[in-house]
Amino acid sequence: MSAIQAPRTVRSADVVNEQIRDLWARTGGHLSAEDRAEYEALVTEWASAIDGGVAQRA
């Protein structure tokens, strides 16, 4: 049986970058294991957005 995944909303690199900056500010630059996992997921999402051309131009 194959699992059907719901379509994922693609966020812009700018939006994800803002979330990364917020994470660093919230933690004072010291990431716990849980924070590190969140950071890695965000960086992966950010890189995908950059590769996919989802960055917004100001």
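Everything numeric in this text was worked out from a predicted model, so none of it was measured.
Pairing each heavy atom of Ser12 with each of Ala49, the nearest pair is C-CB, 4.1 Å.
If you take OG1 on Thr27 and CG on Asp22, they are separated by 9.0 Å, rounding to the nearest 0.5 Å. Atom-to-atom distance recorded for Glu45:CD and Gln19:CD is 7.0 Å, nearest 0.5 angstrom.
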In a table with atom names and distances, give each donor-acceptor pair under 3.5 Å that connects a side chain of residues 33-42 to protein atoms at least two apart or in another chain.
from  : atom 1 : to    : atom 2 : distance (Å)
Asp35 : OD2    : Ser32 : N      : 3.3
Asp35 : OD2    : Ser32 : OG     : 3.1
Glu38 : OE1    : Arg26 : NH2    : 3.4

